[in-house]
Number of protein chains: 2
Amino acid sequence: MPDTAEIEPPTPLTGYEDRCLQTDEGRAIRDLMDRVGDKWSLLIISTLRAGTLRFSELQRHIPGVSQRMLTLTLKHLARDGLVSRTVHPEVPPRVEYSLTPTGRTLIDPAEALAAWAVAHLPAIKAARAEFDAAAG
Amino acid sequence: MPDTAEIEPPTPLTGYEDRCLQTDEGRAIRDLMDRVGDKWSLLIISTLRAGTLRFSELQRHIPGVSQRMLTLTLKHLARDGLVSRTVHPEVPPRVEYSLTPTGRTLIDPAEALAAWAVAHLPAIKAARAEFDAAAG
DNA sequence: CGGGATCCTACTCGATACTG
DNA sequence: CAGTATCGAGTAGGATCCCG
């Protein structure tokens, strides 16, 4: 590596940082949001973090989710290898869902995000209320 | 608090956990996704983590974002108190954006998520390819 | 019970053109 | 430069009905 490459530019944000987020984090964040950035994915993953649940149990634990969206989101998560789907051939049928090892690795960052939300959402709502009061 | 409340139920997931995610984390995750779960918010926040940027700089650093979406998302973030907007009364006008202290607290969990994405997206894409190959 | 199929609505987002 | 305004396509997501 030439020594010129080691010199840190004094201006931190003027012209060299076009690759700052785009190649690595930028694409990663976008891909991530494309997969678990929807309305129910993180909720399902968080709900499954304590163990296996069957379809109707999941639906009960996540109020407001429709059968359709639960089915769709679970299918996407299974397709991405984050959730495993096990069908027990019985009558009535029983289908159980649980996190895969890969899915389990998402728990920590997801809970970090949830913790942030719990801690800072009051401030956000206050800021929003103040903003709306000021702007009419 | 009565002593019966301290007894941990032995079955981890059968009947008592209706409040497991819904009251705290569940609502938090939903509110969070409502605010920064869109296409550009996390990208903007990550881009601003290194310092102040003006509108056109932000647009250059986030390829693919339209003027409209950049304006809209910045307005939402400003409304929520995550981003501050400073107008310098000059000609041509200069408007600078930076993270507020509250916004800065989001950097760590957001980067944790981005790091997860960088680490696990290849596995996800592989799982998806395998799933699609098996299912046609 | 665990979905699949269908219809329908609302909203997101992008493209384009215009403004101060 | 930093927006605003308007239009239109695409899609996420809810409601409903049906099936194995």
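Letters A, B, ... mirror the listed sequences (proteins, then strands); counts begin at 1. All values derive from a computational prediction rather than experimental measurement. Reckoned from all heavy atoms, side chains included, excluding hydrogens, waters and symmetry mates.
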Visitor: State whether A/Glu96 and A/Arg94 are salt-bridged, where the test is any N-O pair (Lys NZ or Arg NE/NH1/NH2 against Asp/Glu carboxylate O) under 4.0 Å.
Guide: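 Salt bridge between A/Glu96 and A/Arg94, a charged N being under 4.0 Å from a carboxylate O: yes.
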
Visitor: Nearest-Å distance, CD (A/Gln59) to P (C/dC1)?
Guide: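 In whole Å, C/dC1 P and A/Gln59 CD are 11 Å from each other.
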
Visitor: Within this structure, what is the CD-to-P distance between B/Gln67 and C/dT19, rounded to whole angstrom?
Guide: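 Rounding to the nearest Å, CD of B/Gln67 and P of C/dT19 are 16 Å apart.
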
Visitor: Whole-Å distance between C/dC1 C1' and A/Leu74 CG?
Guide: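 A/Leu74 atom CG is separated from C/dC1 atom C1' by 14 Å.
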
Visitor: Whether A/Lys75 contacts C/dG3 is assessed here as follows: a side-chain N or O lying under 4.0 Å from the phosphate OP1 or OP2. Is that the case?
Guide: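 Looking at the OP1 and OP2 atoms of C/dG3, neither is under 4.0 Å from any side-chain N or O of A/Lys75.
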
Visitor: Within this structure, what is the CG-to-P distance between B/Leu58 and D/dC1, rounded to whole angstrom?
Guide: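 B/Leu58 atom CG is separated from D/dC1 atom P by 14 Å.
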
Visitor: C/dC13, OP1 or OP2 - any side-chain N/O from B/Arg68 closer than 4.0 Å?
Guide: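 Looking at the OP1 and OP2 atoms of C/dC13, neither is under 4.0 Å from any side-chain N or O of B/Arg68.
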
Visitor: Can we say A/Asp132 and B/Arg79 salt-bridge, meaning some charged N sits less than 4.0 Å from an Asp/Glu carboxylate O?
Guide: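 Looking at A/Asp132 and B/Arg79, the cut-off is met.
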
Visitor: In whole Å, I'd like the distance from the CZ atom of B/Arg30 to the P atom of D/dG13.
Guide: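 In whole Å, D/dG13 P and B/Arg30 CZ are 12 Å from each other.
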
Visitor: Can you check whether B/Asp38's main-chain N or O pairs, donor with acceptor, with B/Ser41's side chain at less than 3.5 Å?
Guide: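 Not confirmed, B/Ser41 side chain does not pair with B/Asp38 backbone.
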
Visitor: Just to confirm, is there a sub-4.0 Å distance from OP1 or OP2 of D/dC1 to any side-chain nitrogen or oxygen of B/Tyr97?
Guide: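 For B/Tyr97, the contact criterion (side-chain N or O under 4.0 Å from OP1 or OP2 of D/dC1) is not met.
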
Visitor: Of the options C/dC1, C/dG3, C/dG20, whose atoms approach the side-chain atoms of A/Phe55 most closely?
Guide: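 Looking only at side-chain atoms, A/Phe55 lies closest to C/dG3.
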
Visitor: For B/Met69 and D/dC7, what is the distance between atoms CE and P respectively, to the nearest whole Å?
Guide: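 One finds 19 Å between P of D/dC7 and CE of B/Met69, rounded.
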
Visitor: Output yes when at least one side-chain N/O atom of A/Lys39 is less than 4.0 Å from OP1 or OP2 of D/dG14, else no.
Guide: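 Yes, such a contact exists.
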
Visitor: A/Arg54 has a side chain; which of D/dG14, D/dA2, C/dC1 sits nearest to it?
Guide: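 Nearest listed nucleotide: C/dC1.
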
Visitor: Whole angstrom is fine here: how far is it from CG in B/Leu43 over to P in C/dC13?
Guide: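 Checked: the CG to P distance equals 12 Å.
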
Visitor: Please state whether the phosphate of D/dA2, meaning OP1 or OP2, lies under 4.0 angstrom from any side-chain nitrogen or oxygen of B/Ser56.
Guide: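 For B/Ser56, the contact criterion (side-chain N or O under 4.0 Å from OP1 or OP2 of D/dA2) is met.
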
Visitor: To the nearest Å, give me how far apart CG (A/Asp34) and P (C/dC13) are.
Guide: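 Spelled out: CG on A/Asp34 to P on C/dC13 is 11 Å.
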
Visitor: So, are B/Asp80 and A/Lys125 salt-bridged, with charged N and O less than 4.0 Å apart?
Guide: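 No, B/Asp80 and A/Lys125 are not salt-bridged.
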
Visitor: Does D/dG3 have its OP1 or OP2 closer than 4.0 Å to a side-chain nitrogen or oxygen of B/Arg85?
Guide: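 Indeed, a polar side-chain atom of B/Arg85 lies that close.
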
Visitor: Just one of A/Arg54, A/Met69, A/Gln67 clears the side-chain contact (heavy atoms from CB on, under 4.5 Å) bar with A/Gln59, so which one?
Guide: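 Answer to the side-chain contact (heavy atoms from CB on, under 4.5 Å) test with A/Gln59 among A/Arg54, A/Met69, A/Gln67: A/Gln67.
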
